[in-house]
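What follows is one structure encoded as structure tokens, with my remarks underneath.
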Protein chains: 2
Amino acid sequence: MNASDIAKIAGVSRSTVSRVINNYGNVTEETRQRVLEIIKEYNYVPHASAQMLAGKKSRIIGLFIIDTKDDNHGNKMCTSSYFSPFTSAVIDAANKQRYNVLSTIVNEQQDFNNVRELFYNKTISAGIFIGGKNSEPSIIEIIESGYNVAVIEQEVSNEQEPFSRSIVVNSDSFGGAYEATKYLIQLGHIAIAHITGDLEQFTAISRVEGYKKALAEGGIPLRNNMIVKGNYTEESGYKAVKKLLLKETPTAIFIANDSMCLGAMRAIEELGLKIPEDISLVGFDDIELARYLQPALTTVRIPLLNMAFMATNNLIKANEEEINFYANYKIPVELIIRDSCRKMK
Amino acid sequence: MNASDIAKIAGVSRSTVSRVINNYGNVTEETRQRVLEIIKEYNYVPHASAQMLAGKKSRIIGLFIIDTKDDNHGNKMCTSSYFSPFTSAVIDAANKQRYNVLSTIVNEQQDFNNVRELFYNKTISAGIFIGGKNSEPSIIEIIESGYNVAVIEQEVSNEQEPFSRSIVVNSDSFGGAYEATKYLIQLGHIAIAHITGDLEQFTAISRVEGYKKALAEGGIPLRNNMIVKGNYTEESGYKAVKKLLLKETPTAIFIANDSMCLGAMRAIEELGLKIPEDISLVGFDDIELARYLQPALTTVRIPLLNMAFMATNNLIKANEEEINFYANYKIPVELIIRDSCRKMK
DNA sequence: CTGAAAGCGCTTACAG
DNA sequence: CTGAAAGCGCTTACAG
């Protein structure tokens with residue numbers, strides 16, 4: 001059953017069938033109705049590939065979750081609560097506009113080949129990248145090839161010309177880190193440590209900066225031993241805390257994401273310390289888990305759903321209007337106060 | 001840049017280019033190399049739609065997460081930890097075979113139209129369904145139209161002819177529920193309640209049956225008041241426990257999934273009771289959250305990753321061999337004992 | 001408002 | 001081993 005069959009049955013030409021399907025104006029209402037009925041009766045659906053070949057755009061967007069490291073349990077980060085709500089929000093937003101989303105997980109550098117191919121072979125007409133390190137060359141190449149791309153959490157500096165053709169959606173990592181640290185200071189903490197995220201990622205760098213600014217404002221001297229590197233995985237949080245507490249005795253730690261807090265809590269418990277009595281903790285992300293932890297985790301909420309909507313809707317808009325347009329959003333974050341911090345007397 | 005351009009540059013015909021790309025035998029090694037080089041040099045990638053139109057199968061499979069209810073917080077269930085690992089496992093398995101996955105979330109009945117369209121317009125060559133109620137008519141229609149489908153957690157009874165052309169992957173809900181309940185009995189519990197899942201789903205029914213069997217074996221009379229209906233959402237777990245504890249005083253509850261346990265724990269806490277001192281709890285699923293709860297939740301682990309691999313690999317195989325084949329797997333589950341149950345003296 | 005025809009970029013018998 | 005040609009199922013100027 002194809003357009004010719006429908007045309008024959010309806011007693012019109014294939015052109016007319018096509019016009020009805022594409023909802024063009026120049027068809028008599030009567031003809032339109034007749035064709036529509038027959039389409040419905042025979043359950044006809046146009047062949048998507050044929051439509052594309054003949055000039056229609058793909059209504060598929062790609063969602064690429066970049067995750068080049070496992071935690072030591074062999075769990076991919078993508079399994080983690082962080083990406084899941086983002087993914088479903090993208091799907092939701094896309095489906096509402098009759099778009100579909102094809103998602104893949106990029107674990108190794110070579111997985112980018114698959115991603116490239118999806119753009120080049122026209123399977124997808126646009127793509128969203130989340131989770132990568134800053135200025136990932138593979139992403140830049142794709143943008144430079146003229147494809148529509150939205151990136152989440154990528155720094156756009158002046159040298160980064162390519163991003164000036166894409167949609168950038170960032171949360172306010174700097175502001176969030178600043179607020180989180182300031183909150184600890186306001187509670188009376190002075191010995192405030194920081195566990196960083198993966199410093200190849202923009203967010204991790206900004207969070208360090210936010211932390212430093214708050215300390216500076218609070219007149220608290222910055223001490224290098226109080227900053228320990230992590231990489232956003234639970235395991236790295238565990239190790240970082242163990243390392244930190246070997247030499248230092250902070251009363252509070254601002255940790256660059258919630259996953260690392262999980263590891264941190266385990267480490268702290270193993271050391272026989274209590275949260276928040278001995279150590280206060282603030283995380284970042286507000287993953288689903290956060291509110292179920294004991295104590296419930298104080299953390300900075302990233303409005304991932306909004307970010308997904310912004311990225312998806314703008315990307316589809318750019319695609320529909322056949323332009324690469326530039327947009328750069330910085331989405332505000334919110335400190336969610338729960339039970340993992342105590343007030344110093 | 002298309003196949004003709006490549007052919008021209010390489011000094012061969014388009015047929016030969018095509019043969020090289022498709023890795024057919026009948027090309028001189030020399031010619032093959034030359035063409036390959038030029039393809040690489042010009043970064044040529046064949047147009048997927050053209051390939052499909054000309055007879056190649058789509059290398060995209062659909063993943064359809066059926067979730068026709070929200071919990072009362074407006075969170076879609078798909079956001080929940082349950083589907084996330086399954087999704088990434090499907091993507092992983094597919095990507096390994098150079099397939100891609102397009103996923104959508106089915107919230108309302110009309111979303112099935114989109115799903116149907118993806119099959120009918122040949123965007124996808126096969127699809128996996130998870131989360132639906134039993135014998136969902138829309139799924140059956142698709143199977144009957146001859147498309148390759150894998151279903152997760154669907155009962156296949158004798159009347160269900162359609163499923164005899166599809167791949168069915170179920171976990172052993174009955175066995176898991178039986179083990180869970182038996183475990184409580186072995187701990188000395190007698191007043192064991194059950195909160196059911198959504199009874200339109202196969203899994204929920206089987207779990208009730210497993211619960212009943214264990215009681216029967218243990219010589220514990222079945223009491224209707226001890227079974228309260230839920231629908232797998234956190235909120236329903238909360239309400240069910242409130243309702244249950246109005247009239248009954250169970251010392252243990254077997255709850256049909258972990259999400260409902262979350263609600264149950266909240267309800268129990270509000271009533272001033274302690275887990276496991278006053279009430280023991282066993283869940284089902286072993287979502288990521290389960291081990292972080294306080295107390296860590298004893299629950300039945302479903303090997304979702306295995307199930308995802310089975311479904312995906314079999315589906316791709318069926319697709320490659322251009323057959324609908326039937327397979328019906330029942331995957332064993334495992335009771336994970338943590339801290340939410342106590343031994344009765 | 002409608003139809004005939006060209007063209008999208010491939011693959012695959014068919015012939016040699 | 002290789003090429004010319006038909007065909008996949010649409011859309012879109014073009015002409016009327």
Side-chain angles (χ1 to χ4, degrees), chain A residues 1-36 38-39 42-60 98 117-125 319-320 322, chain B residues 1-36 38-39 42-60 98 117-125 319-320 322:
Chain A
M1 180 65 31
N2 61 25
S4 296
D5 299 325
I6 298 294
K8 218 166 292 166
I9 299 171
V12 297
S13 69
R14 295 189 310 165
S15 320
T16 299
V17 172
S18 182
R19 280 190 273 258
V20 170
I21 284 168
N22 290 294
N23 232 309
Y24 293 157
N26 47 1
V27 183
T28 339
E29 196 42 37
E30 195 200 323
T31 319
R32 177 186 304 286
Q33 287 309 329
R34 185 151 34 96
V35 174
L36 246 22
I38 294 175
I39 287 176
Y42 287 86
N43 242 307
Y44 166 68
V45 179
H47 194 297
S49 292
Q51 289 182 302
M52 289 192 54
L53 235 204
K56 291 288 181 190
K57 276 168 302 214
S58 167
R59 297 186 74 82
I60 303 181
R98 312 206 62 237
E117 197 166 316
L118 290 168
F119 281 98
Y120 283 55
N121 77 189
K122 310 297 189 221
T123 295
I124 59 178
S125 57
N319 191 51
E320 296 284 315
E322 307 200 39
Chain B
M1 181 63 33
N2 60 27
S4 296
D5 299 325
I6 298 294
K8 217 166 293 167
I9 298 171
V12 296
S13 69
R14 296 188 309 163
S15 319
T16 299
V17 173
S18 180
R19 280 190 273 259
V20 170
I21 284 168
N22 290 295
N23 232 308
Y24 293 157
N26 46 0
V27 183
T28 339
E29 196 43 36
E30 196 200 324
T31 318
R32 176 186 306 285
Q33 287 309 330
R34 183 148 38 93
V35 174
L36 246 22
I38 293 177
I39 287 176
Y42 288 86
N43 241 308
Y44 166 67
V45 179
H47 195 297
S49 291
Q51 289 183 301
M52 287 192 55
L53 235 204
K56 292 286 182 192
K57 276 167 301 211
S58 167
R59 296 186 75 82
I60 303 181
R98 316 206 60 239
E117 198 166 316
L118 289 168
F119 280 97
Y120 283 55
N121 77 189
K122 309 297 189 220
T123 295
I124 60 178
S125 57
N319 191 51
E320 296 285 316
E322 308 200 40

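Below, chain A is the first sequence line, B the second, and so on; all start at residue 1.
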Atom pairs and distances, side-chain donor-acceptor, residues 43-53 of chain A, under 3.5 Å, sequence neighbours left out:
| unit_1 | atom_1 | unit_2 | atom_2 | d |
| --- | --- | --- | --- | --- |
| A:Asn43 | OD1 | B:Arg116 | NH2 | 2.4 |
| A:His47 | ND1 | A:Ser49 | N | 3.2 |
| A:His47 | ND1 | A:Ala50 | N | 3.4 |

Inset, instruction - Please step through side-chain contact (heavy atoms from CB on, under 4.5 Å) for the pair A:Ile21 and A:Ile39, ending with a clear verdict. - result: CA-CA 9 Å; A:Ile21 284 168; A:Ile39 287 176; 3.9 Å; yes

Inset, instruction - Output all residues satisfying side-chain hydrogen bond (donor to acceptor under 3.5 Å, both in side chains) with B:Thr31, sequence neighbours left out; order by chain, then residue number. - result: B:Thr28

Legend entry - Between D:dC10 (C1') and B:Lys122 (NZ): distance, integer Å: 15 Å

Legend entry - Side-chain N or O of A:Thr31 closer than 4.0 Å to phosphate OP1/OP2 of C:dT2: yes

Inset, instruction - Not counting sequence neighbours, which residues clear side-chain hydrogen bond (donor to acceptor under 3.5 Å, both in side chains) with A:Ser4? List them please. - result: none

Inset, instruction - Indicate whether OP1 or OP2 belonging to C:dC1 is found under 4.0 Å from a side-chain N or O atom of A:Thr16. - result: no

Inset, instruction - Sorted by first residue and then second, give each salt bridge (Lys or Arg N to Asp or Glu O under 4.0 Å) pair with at least one member in residues 7-24 of chain A; sequence neighbours left out. - result: none

Inset, instruction - Indicate yes or no: at least one non-hydrogen side-chain atom of A:Tyr42 is less than 4.5 angstrom from one of A:Asp5. - result: no

Under 3.5 Å, which N/O atoms of the protein pair with N/O atoms of nucleotides 12-16 of chain D?
| unit_1 | atom_1 | unit_2 | atom_2 | d |
| --- | --- | --- | --- | --- |
| D:dT12 | OP2 | A:Tyr24 | OH | 2.3 |

Inset, instruction - Give the rounded distance in Å between these two atoms: CD1 of A:Ile6 and C1' of D:dC10. - result: 13 Å

Legend entry - d(NZ, B:Lys8; C1', C:dG9) in whole Å: 13 Å

Inset, instruction - Could you tell me whether B:Val17 contacts a base, only the sugar-phosphate backbone, or nothing, with contacts defined as non-hydrogen atoms closer than 4.0 Å? - result: nothing

Inset, instruction - Enumerate the residue pairs fulfilling salt bridge (Lys or Arg N to Asp or Glu O under 4.0 Å) with a member in residues 46-60 of chain B, sequence neighbours excluded, ordered by first and then second residue. - result: B:Lys57-B:Glu322, B:Arg59-B:Glu320

Legend entry - B:Ser58: side-chain hydrogen bond (donor to acceptor under 3.5 Å, both in side chains) partners, not counting sequence neighbours: none

Inset, instruction - Report which part of the nucleic acid A:Asn2 touches: base, sugar-phosphate, or nothing (heavy-atom distance under 4.0 Å, all strands). - result: sugar-phosphate

Legend entry - Secondary structure string for DNA chain C (Watson-Crick or G-U under 3.5 angstrom, | for other-strand pairs): |||.||||||||.|||

Inset, instruction - Indicate whether OP1 or OP2 belonging to D:dC10 is found under 4.0 Å from a side-chain N or O atom of A:Tyr44. - result: yes

Legend entry - For atom NZ of B:Lys57 and atom P of D:dC8, their distance in whole Å: 19 Å

Legend entry - Nearest-0.5 Å distance, CG of residue B:Asn319 to CD1 of residue B:Ile60: 11.5 Å

Legend entry - Protein-nucleotide distance (A:Glu29, atom CD; C:dT2, atom C1'), rounded to Å: 16 Å

Inset, instruction - In whole angstrom, give the distance that lies between atom CG of B:Asp5 and atom P of C:dG9. - result: 9 Å

Legend entry - Where at least one partner belongs to residues 24-34 of chain A, residue pairs that pass salt bridge (Lys or Arg N to Asp or Glu O under 4.0 Å), sequence neighbours excluded: A:Glu29-A:Arg32

Legend entry - Which residue lies more 5' along DNA chain D, comparing A:Met1 with B:Thr28 via nearest heavy atoms: B:Thr28

Legend entry - Contacting residues from residues 46-53 of chain A, given that a heavy atom lies under 4.0 angstrom of DNA chain D: A:Pro46, A:His47, A:Ala50, A:Gln51, A:Leu53

Inset, instruction - Please determine if a side-chain N or O atom of B:Ser4 lies less than 4.0 Å away from the OP1 or OP2 oxygen of C:dG9. - result: no

Inset, instruction - List for me each residue that meets side-chain hydrogen bond (donor to acceptor under 3.5 Å, both in side chains) alongside A:Thr123, sequence neighbours excluded, and say none if there are none. - result: A:Asn121

Legend entry - Euclidean distance, A:Leu36 CG relative to A:Asn23 CG, rounded to 0.5 Å: 8.0 Å

